[in-house]
Protein chains: 2
Amino acid sequence: MNHLFITPAARLQPRWQAAFPQATLAAVAPETDRLTPPPDIIWIVCEGEQQPLSAPLLEAVTRLSAESAVVVLANAPQQADALQALQAGARGYAHALSPVATLQQIATVVTNAGIWVPADLMAQVMGHTWQALNGEQRLRHALLDKLTEREREVALAVVQGASNKQVARTLNITERTVKAHLTSIFHKLEITDRMQLILKLADRAVNLPLGM
Amino acid sequence: MNHLFITPAARLQPRWQAAFPQATLAAVAPETDRLTPPPDIIWIVCEGEQQPLSAPLLEAVTRLSAESAVVVLANAPQQADALQALQAGARGYAHALSPVATLQQIATVVTNAGIWVPADLMAQVMGHTWQALNGEQRLRHALLDKLTEREREVALAVVQGASNKQVARTLNITERTVKAHLTSIFHKLEITDRMQLILKLADRAVNLPLGM
DNA sequence: TTGCTGGTTGTACTGCAGTCCAATATTTAT
DNA sequence: ATAAATATTGGACTGCAGTACAACCAGCAA
């Protein structure tokens with residue numbers, strides 16, 4: 001197994017040395033075609049505190065991940081960085097101070113077509129999708145189930161931004177009929193206008209908290 | 001290493017026996033405090049076809065995951081079930097017929113504070129979160145950045161369903177002024193009315209494809 | 001048969017949304 | 001210092017949204 005550590009530090013950390021005795025070291029990311037043979041795993045170490053994953057490092061991940069499995073080691077792990085790294089092609093993201101056993105574990109997983117992700121990130125991401133897939137979608141279904149077939153068609157059209165006239169044309173009915181259906185919809189869902197309908201179905205709380 | 005399999009079956013499958021010769025078996029989930037010491041890994045086996053992850057099993061996952069690492073093995077794996085299991089605290093989810101090597105691999109990952117997730121689920125989930133965190137949120141920011149401070153305030157209020165009159169009251173300006181800001185907003189974002197504003201900012205494509 | 005639900009349409013009315021044409025004051029950039 | 005951008009408001013106008021009050025028809029259950 002062929003390991004290459006990329007880090008500005010002068011020497012390999014004892015931890016890494018212990019995990020992979022035959023590991024080599026480089027100060028900066030080398031050209032891809034210079035590596036013959038390409039290492040099995042390239043470990044890229046982020047030292048920074050604020051912005052661990054700098055642009056050049058991200059670029060290195062993208063470039064190197066074509067030939068080798070890339071794992072990013074961060075001194076100050078951040079979930080946003082992890083996602084960015086994985087998006088760029090990294091096969092793993094972990095704390096730089098992970099114990100030897102974990103490092104070896106990561107190596108095994110990564111070389112076996114696996115992806116190694118920190119548990120907390122995984123939990124958050126999983127929770128997120130679970131919410132997205134179930135929470136909101138089930139809510140929407142519960143609401144739509146209160147409506148008749150025709151009302152559902154009208155509601156779905158309106159929720160996509162259609163005007164009464166447009167809905168009328170696509171459903172081949174009068175604008176007046178569309179209004180009738182809408183009035184019924186509003187009553188059933190206990191709302192007052194199409195804007196609230198959009199906010200209920202297209203919903204998802206317009207949150208701009210930024211960052212994760 | 002201490003393994004406990006929970007399954008309605010009378011005996012351990014040969015596969016499991018081979019992977020963990022010292023594994024024990026239980027028909028139902030035991031009380032947590034009866035287990036001294038708690039097993040390192042508890043494998044919960046789902047036999048059902050339609051609804052593999054029944055409510056009592058989920059409850060067992062939640063309860064047992066406090067003491068031991070819990071891995072759910074499904075005869076008919078489903079992504080929704082996997083999400084639910086992980087949400088409940090499971091540390092892994094895999095096919096019940098996974099080969100011996102994989103089972104052992106799972107055991108190692110799970111005992112090293114890792115989480116084992118099927119590759120396809122991982123791919124879908126990662127893509128989803130990335131979209132949610134970057135794609136849309138950055139889009140929203142890009143849009144909001146085109147607006148002036150005051151316009152942003154108006155836009156954010158409108159996007160939450162406020163009428164012009166309401167916005168006027170909360171910002172202490174005339175309804176006429178709100179209209180002026182809105183006209184400017186519409187031009188800048190190249191839209192025609194407040195509904196499209198909601199769909200652009202609250203966005204997220206009202207998709208009801210159902211199922212995963 | 002009768003009653004109920006769902007789908008359809010009509011007329012008339014109220015009110016909000018959005019635009020056009022201005023106008024004024026403040027701030028910022030050149 | 002002059003121009004440009006931003007914030008503010010007025011009046012008048014068009015048009016869509018939504019409601020009230022009704023009416024007709026088809027299918028279905030009691």
Side-chain angles (χ1 to χ4, degrees), chain A residues 139-206 208 210, chain B residues 139-206 208 210:
Chain A
L139 258 184
R140 280 204 288 265
H141 286 178
L143 291 178
L144 288 175
D145 283 349
K146 294 181 179 176
L147 308 181
T148 68
E149 185 57 34
R150 208 55 167 163
E151 287 166 353
R152 230 187 318 275
E153 298 180 58
V154 173
L156 289 180
V158 166
V159 159
Q160 281 163 16
S163 69
N164 289 344
K165 202 186 295 275
Q166 290 174 312
V167 176
R169 268 200 296 269
T170 61
L171 295 187
N172 270 319
I173 53 181
T174 316
E175 189 179 344
R176 181 61 194 82
T177 309
V178 175
K179 288 185 178 181
H181 285 311
L182 274 177
T183 301
S184 172
I185 292 172
F186 296 156
H187 284 158
K188 287 184 177 177
L189 301 187
E190 296 176 346
I191 54 182
T192 63
D193 53 36
R194 69 207 298 114
M195 300 233 311
Q196 298 189 27
L197 182 62
I198 293 182
L199 290 173
K200 272 225 169 188
L201 295 190
D203 192 313
R204 119 218 22 286
V206 185
L208 310 239
L210 320 205
Chain B
L139 257 183
R140 280 204 288 265
H141 287 178
L143 291 178
L144 288 176
D145 282 348
K146 293 181 179 176
L147 308 181
T148 68
E149 185 57 34
R150 208 56 167 161
E151 287 167 353
R152 230 189 317 276
E153 298 180 57
V154 173
L156 289 180
V158 165
V159 159
Q160 281 163 17
S163 70
N164 289 345
K165 202 186 296 277
Q166 289 174 312
V167 176
R169 268 199 297 269
T170 61
L171 294 189
N172 272 319
I173 52 179
T174 316
E175 187 179 346
R176 182 60 193 79
T177 310
V178 175
K179 288 185 179 183
H181 286 309
L182 274 177
T183 300
S184 173
I185 291 171
F186 295 156
H187 284 158
K188 286 184 177 177
L189 303 187
E190 295 178 345
I191 54 182
T192 63
D193 52 35
R194 69 208 295 115
M195 298 232 313
Q196 297 188 28
L197 182 61
I198 293 182
L199 290 173
K200 273 225 170 189
L201 295 190
D203 192 317
R204 155 187 0 279
V206 186
L208 310 234
L210 321 204

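Below, chain A is the first sequence line, B the second, and so on; all start at residue 1.
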Under 3.5 Å donor-acceptor pairs involving side-chain atoms of residues 189-198 of chain A, not counting sequence neighbours:
unit_1, atom_1, unit_2, atom_2, d
A:T192, OG1, A:Q196, NE2, 2.9
A:D193, OD1, A:M195, N, 3.3
A:D193, OD1, A:Q196, N, 3.2
A:R194, NH1, A:N164, OD1, 3.0
A:R194, NH2, A:A162, O, 2.9
A:R194, NH2, A:N164, OD1, 3.2

Contact class for A:E151 vs. all strands (heavy atom < 4.0 Å): base, sugar-phosphate, or nothing? nothing
Working for side-chain contact (heavy atoms from CB on, under 4.5 Å), residues A:L147 and A:V154: CA-CA 10 Å; A:L147 308 181; A:V154 173; over 6 Å; no
Atom-to-atom span, CG of A:D193 to P of C:dA17 - whole angstrom: 9 Å
Taking only heavy atoms on the protein side, list every residue of residues 182-191 of chain B lying under 4.0 Å from any atom of DNA chain D, sorted numerically. none
Applying side-chain contact (heavy atoms from CB on, under 4.5 Å), run through B:L171 and B:V178 and close with a yes or a no. CA-CA 9 Å; B:L171 294 189; B:V178 175; 5.7 Å; no
Interatomic distance where CD belongs to B:E175 and P belongs to D:dG10 [whole Å]: 11 Å
Sugar-phosphate only, base, or nothing, as touched by A:T148 at under 4.0 Å among non-hydrogen atoms: sugar-phosphate
Taking atom NZ of B:K165 as the centre, does the number of heavy atoms from other residues, nucleotides or ligands within less than 6.0 Å exceed 12? no
Expressed as a whole number of angstroms, how long is the span from B:K165:NZ to C:dT14:P? 16 Å
Any chance you could measure A:H181, atom NE2, to A:R176, atom CZ, to the nearest 0.5 Å? 10.0 Å
Using a 4.0 Å heavy-atom cut-off across all strands, classify B:R176 as base, sugar-phosphate, or nothing. base
A:V158 and A:L201, any side-chain heavy atoms less than 4.5 Å apart: no
At less than 4.0 Å, is any side-chain N or O atom of B:T177 found next to OP1 or OP2 of D:dT8? Yes or no. no
Distance in angstrom units between A:I173 CD1 and C:dG10 C1', rounded: 15 Å
Side-chain N or O of A:N164 less than 4.0 angstrom from OP1 or OP2 on D:dC16? no
Send over the distance from A:Q166 CD to D:dA17 C1', rounded to a whole Å. 14 Å
In terms of side-chain heavy atoms of A:K179, which of D:dT19, D:dC16, D:dA7 is nearest? D:dT19
Which of these nucleotides, C:dA17, D:dT8, D:dC16, is closest to any side-chain atom of B:H181? D:dT8
Just the rounded figure in Å: distance from P of C:dG6 to CG of A:L147. 11 Å
What's the CE-C1' distance between B:M195 and C:dG18, to the nearest Å? 14 Å
Rounding to an integer number of Å, can you tell me how far A:R152 CZ sits from C:dG6 C1'? 13 Å
So, A:T174 side chain and A:T177 main chain: donor-acceptor pair closer than 3.5 Å or not? no
